[in-house]
Each structure stands twice: as structure tokens, then as C-alpha cells.
Amino acid sequence: MSRQFRAIQISKTDKGQKLDFVTLNENDLMPGDVTVAVEHSTVNYKDGLAVTGRAPIIRQFPLIPGIDFAGTVVSSANPLIKPGDKVILNGWGVGESHHGGFAGLARVKGDWLVAVPDNMTTAETMAIGTAGYTAMLCIIALERQGVRPENGEILVTGAAGGVGSIAIAILSKLGYRVAASTGRLEEESFLKGLGASQVIDRNEFSGPVKALGKTRWAGAVDAVGSATLANVLSQILPEGTVAACGLAQGMDLPASVAPFILRGVKLIGINSVTAALTRRVEAWSRLARDLDRAKLKDLTSHARLDDVPAIAADIVAGKIRGRVVIDI
Ligand code: NDP
């Protein structure tokens, strides 16, 4: 018997995008070899852009948005995955050109799925979501470039957002001293609770860009881009590294080459969407080990499918603190 499920569907109209809550049938799903009963999804910044139509994230209409989901496999033609398995989906164009996680049921390629780590719940994996998995990829990138706690302090930009708050929690557990850059200074106690040793007004980084500034940071996780990333680069200690993953301030990079050629600073780009399975599995096993679950709980709130449009508007307005899990 074909299963019915509730979903958000985005269609294209003459005036732009239209969002509906719909009841669909299993046969409405796109091709794939694994079908998953979705238990939880989440709203990432990219979901905010997709659902509000603020950026052309959705490339096929009508589409179920949602770039992340976690749940239980209900049927599988993939030899490595069986019904009952708990799985996570992050990226791969899901919620962009393939039906996504804001639905009771999803069908995808089994090659895109990662097993939920043994000691985690599906809800915890969505509290992490693409934002947290990307924070972990950024930290692994810093480690690969030789950034160690004894080298100095790490700066996290967009600190009160999803990538930023999880990056702070992981870095502090790993023994790094962490500075949090935020536009929401009222979140100081929240950010210090996650493990930040100091909280800095983001305006310090968003102004005119200097070619070289006073060196302050052994490394940085940047979710913001634009002038902020350029200013952060100008303050990195010799041979330090910045992992850049985001564009919350803007897609431009008005930077100078001076930090690269005079200080040996490294800028590493992070793309979570099509990261190879081995990198995903490594990131998820590190998250299972290196992210304090009590801190994850502190930075997470829960909402329902009906709340997604309002949360999407809030996340693009920079108003969401930490992470929001959608309980399907
Ligand atoms: P959030 O909205 O949760 O966090 C972004 C944060 O950036 C905000 O909370 C705010 O932090 C800060 N911010 C917002 N607007 C501005 C601005 N104009 N100037 C400076 N800072 C600003 O989003 P996520 O954490 O989910 O994602 C962060 C970024 O990372 C996004 O651009 C997203 O697209 C990108 N991303 C990229 C991935 C990849 O694969 N490369 C994967 C996941 C995310 P505060 O209030 O503390 O200042």
C-alpha cells in the first residue's frame, strides 16, 4: 500500500514562489533506492533562503524543501542499507533539486545517507544538521593545517548562529580558547556558556578592510564572508588558517593578498554539500565524540512543520539563536 504523508511544497508562480502544506503520496517522491520515514528535519540558513525565495536555491518546481533530514529506513534496494536503519541526509542537492526533508517521507540515493552514530538520537543529529556538520568540517580543516590549542586563540564569526554556536562548543571541548564575534551582544552569557572565553562586537570586523592588522588569531571559523572575512584574514597569526564556509554578510571578499604572501596565512574553503562519504563519516564520528550533548541541548529549540515559514524568515534576518529542530 502506498503511504501518504504531509509536506511543504514550493511552486513557482508568475509572482515568484508559493508555499503550500500538502498531503502527498509515496508515488509523488523522486527516484531513489532508499525510502525514509522522516522523524526530524531542521532549518539551516540555506533553507531560509529557499523557503522565503530570497535566493534562487530551489532549481526545480514544485519541490519539497529541506536540505537535511534524519529518520528510519522503511524500504531499501541498496545492499548496504536495510529497513529499520537510522540514517542522516545532509545536502547532495536535496531540498534544492530533489525533494527534501520538510516531509513525512523522503526517497533518496542510499549513497547519500550516513548512519546515525550509535550513541546519538535522530533528534540530536538534526540539532547538529548541515550547520553543525559544516562546523565540524571547518574544525577538521584547521587541524589538518596544524592549528593546535597551544598556537593561540580561535575566532568564530556568526557566533550566535548555527555554524558558529556549534563550532564554539566543539572547539572549547577540544581545549581551544575561543573568541566569539556576534552582532547580538545580549547573547554573551549564552556564548560563554557554550565555551567562548571572550565575546566581541562583530562591527569590529565589518568595517573598512586593512591589508594587515595586528595579529590576534591562530585560526578562525568564518560563517560570514565579505568584509568580515577580509578583516579576519588580516589579523591571523603567521602560518595560521581560516576555514571559510558562509556568506551571511555577503558573497564578496574585499581582501588583500598581504596575509597570504607576508604571513603564510591559509584560507580553506568548506563545501559540505558534495563532500565525499568518507569525509562525512569522519565528521559525524567526530561530532559523536567531540560535541558536548548538554551544550547541544542548550543551543537547540524544537518546532513543527507548520512553523517552518516563520523560522525561515527569522533565520535570513539573523534572528535565530543556535539551531532549530523540526519535529516531523
Ligand atoms: P545562521 O543564520 O544560523 O547564522 C548566521 C549568523 O551570521 C547569524 O546568526 C549572525 O550571527 C551572523 N550574521 C548574519 N547577518 C550578518 C551580517 N550582515 N554581518 C555579519 N554577520 C551576520 O546560519 P548558519 O549558521 O546555518 O549558516 C551560516 C552561514 O554558513 C550561511 O551563510 C550558510 O549559507 C553557510 N553554510 C555553508 C555551508 C557550506 O557547505 N559551505 C554549510 C552550512 C552553512 P550573530 O548574530 O552572532 O552576529
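- A donor-acceptor pair under 3.5 Å links the side-chain atoms of Arg263 to the main chain of Ser234, judged by distance alone.
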Discussion item. Could you walk me through whether Leu19 and Val51 satisfy the side-chain contact (heavy atoms from CB on, under 4.5 Å) test, starting with their C-alpha distance in whole Å, then the side-chain angles of each, then the deciding distance to 0.1 Å, before giving a yes or no?
Written reply: CA-CA 8 Å; Leu19 183 149; Val51 168; 3.6 Å; yes
Discussion item. Show, in sequence, the C-alpha distance, side-chain angles and deciding distance for Arg280 and Tyr133, and conclude whether the side-chain contact (heavy atoms from CB on, under 4.5 Å) test is met.
Written reply: CA-CA 8 Å; Arg280 290 168 187 266; Tyr133 145 66; 3.3 Å; yes
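- Salt-bridge check for Arg216 with Glu153: failed, with every basic side-chain N at 4.0 Å or more from each acidic carboxylate O.
- No donor-acceptor pair under 3.5 Å is formed between the side chain of Arg107 and the backbone N or O of Pro31.
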Worksheet item: Hey, mind stepping through Val242 and Ile236 against side-chain contact (heavy atoms from CB on, under 4.5 Å) and telling me if it holds?
Response: CA-CA 8 Å; Val242 178; Ile236 300 292; 3.6 Å; yes
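- Rounding to the nearest 0.5 Å places CD1 of Ile88 at 9.5 Å from CG of Asp68.
- Clustering ILVMFWY residues whenever any of their side-chain heavy atoms sit less than 4.5 angstrom apart, transitively, puts Leu142 in a cluster other than the one holding Leu237.
- In this structure, the side chain of Tyr176 does not engage the main chain of Ile170 through any donor-acceptor pair within 3.5 Å.
- Thr13 places a side-chain N or O within 3.5 Å of a backbone atom of Gly16 that can act as its donor or acceptor partner.
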Discussion item. Under the criterion salt bridge (Lys or Arg N to Asp or Glu O under 4.0 Å), I'd like the reasoning laid out for Lys46 against Glu96: C-alpha separation, chi angles, the key distance, then a yes or no.
Written reply: CA-CA 9 Å; Lys46 192 187 249 180; Glu96 299 182 55; 3.0 Å; yes
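- Hydrophobic clustering (side-chain heavy atoms under 4.5 Å, transitive across Ile, Leu, Val, Met, Phe, Trp, Tyr) groups Leu229 together with Ile200.
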Fill in: From CA spacing to verdict: side-chain contact (heavy atoms from CB on, under 4.5 Å), Leu305, Asp307
CA-CA 5 Å; Leu305 200 59; Asp307 304 319; over 6 Å; no
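- Of all the heavy atoms in Ala169 and Leu291, the pair that sits closest is CB-CD1, 3.7 Å.
- One finds the OG atom of Ser181 at 10.0 Å from the CG atom of Leu191 (value rounded to the nearest 0.5 Å).
- Taking every heavy atom of both residues into account, Val178 and Ser172 meet most closely at CG2-N, 4.0 Å.
- Using a 30° and 60° split on the angle between ring planes, Phe205 and Trp217 fall in the tilted class, from 30° to 60°.
- Rounding to the nearest 0.5 angstrom, the gap separating the CG atom in Leu63 from the CD atom in Gln17 is 9.5 Å.
- Side-chain atoms of Asp85 come within 3.5 Å of backbone N or O of Lys82 as a donor-acceptor pair.
- Residues Arg148 and Glu143 are not paired through a salt bridge, judged by the lack of any N-O separation under 4.0 Å between the basic side chain and the carboxylate.
- The local environment of CG in Asp118 is sparse, with at most 12 non-hydrogen atoms from other residues, nucleotides or ligands closer than 6.0 Å.
- Contact detail for Met251 and Leu247: the closest heavy-atom pair is CG-CD2, 3.6 Å.
- Here the shortest heavy-atom pairing between Val209 and Ala230 reads CG1-CB, 3.6 Å.
- Counting all heavy atoms, side chain and backbone alike, Ala283 lies closest to Met136 at O-CG, 3.5 Å.
- Side chains of Gln249 and Thr157 form no contact here, defined as non-hydrogen atoms less than 4.5 Å apart.
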Worksheet item: Does the side chain to side chain donor-acceptor pair (under 3.5 Å) test come out yes or no for Gln145 and Glu239, once each step is laid out?
Response: CA-CA 9 Å; Gln145 296 304 322; Glu239 306 304 325; over 6 Å; no
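- A 4.5 Å side-chain heavy-atom check between Trp92 and Val273 finds every atom pair outside the cut-off.
- A side-chain donor-acceptor contact under 3.5 Å links Asp201 to the backbone of Asn203.
- Counting only distance, with no hydrogens or angles, the side chain of Thr52 and the backbone of Arg54 share a donor-acceptor pair below 3.5 Å.
- Side-chain contact between Ile128 and Met120 is present, with at least one heavy-atom pair separated by less than 4.5 Å.
- Once rounded to the nearest 0.5 Å, the distance linking CD1 of Ile166 with CG of Leu296 reads 5.5 Å.
- Of all the heavy atoms in Ser256 and Ala211, the pair that sits closest is OG-CB, 3.6 Å.
- Linking ILVMFWY side-chain heavy atoms closer than 4.5 Å, directly or via other members, places Val316 and Ile57 in a single hydrophobic cluster.
- Between Glu282 and Arg286 there is no salt bridge, since no side-chain nitrogen of the basic residue lies less than 4.0 Å from a carboxylate oxygen of the acidic one.
- Separation of atoms CD1 (Ile328) and CZ (Arg6) is listed at 9.5 Å; rounding is to 0.5 Å.
- A distance of 4.0 Å separates CD1 in Ile8 from CZ in Phe21, rounded to the nearest 0.5 Å.
- Proximity of a side-chain donor or acceptor of Asp292 to a complementary backbone N or O of Ala294 within less than 3.5 Å is detected.
- For Arg321 and Phe190, the positive end sits near the middle of the six-membered ring, less than 6.0 Å away and at most 45° from its axis.
- The neighbour count for Lys109 NZ, taken as heavy atoms of other residues, nucleotides or ligands under 6.0 Å away, does not exceed 12.
- Residues Phe260 and Leu233 are in side-chain contact: their nearest non-hydrogen atoms beyond the backbone lie under 4.5 Å apart.
- Each of Val43, Thr130, Val94, Leu89 was compared with Ile67 under the side chain to side chain contact (heavy atoms under 4.5 Å, CB included) criterion, and only Thr130 meets it.
- Under 3.5 Å, the side chains of Arg323 and Thr42 contain a donor-acceptor pair of N or O atoms.
- By the 4.5 Å heavy-atom criterion applied to side chains, Leu212 and Pro259 are counted as neighbours.
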Worksheet item: Run the side chain to side chain donor-acceptor pair (under 3.5 Å) check on Asn44 and Asp47 step by step: do they pass?
Response: CA-CA 5 Å; Asn44 295 279; Asp47 295 310; 3.1 Å; yes
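- Across Thr125, Thr72, Thr121, a single residue satisfies side chain to side chain donor-acceptor pair (under 3.5 Å) together with Glu39, and that is Thr72.
- Distance alone, capped at 3.5 Å, is enough to place a donor-acceptor pair between the Asp33 side chain and the Gly110 backbone.
- Met30 is listed as a side-chain neighbour of Gln60, based on a closest heavy-atom distance under 4.5 Å.
- If you chain together hydrophobic residues whose side chains sit under 4.5 Å apart, Tyr45 and Val325 never meet in one group.
- A donor-acceptor contact under 3.5 angstrom links the side chains of Asn90 and Trp284, judged on distance only.
- Ion pair Glu187/Lys319 not flagged as a salt bridge, since none of the NZ, NE, NH1 or NH2 atoms sits closer than 4.0 Å to an Asp/Glu carboxylate oxygen.
- Using a 4.5 Å cut-off on side-chain heavy atoms (C-beta onward), Leu267 and Val265 make no contact.
- Hydrophobic clustering of Ile, Leu, Val, Met, Phe, Trp and Tyr side chains at less than 4.5 Å, counting indirect connections, unites Val163 with Leu287.
- Side-chain contact between Gln4 and Leu24 is absent, with no heavy atoms from C-beta onward closer than 4.5 Å.
- A donor-acceptor contact shorter than 3.5 Å links the side chain of Lys295 to the backbone of Leu194.
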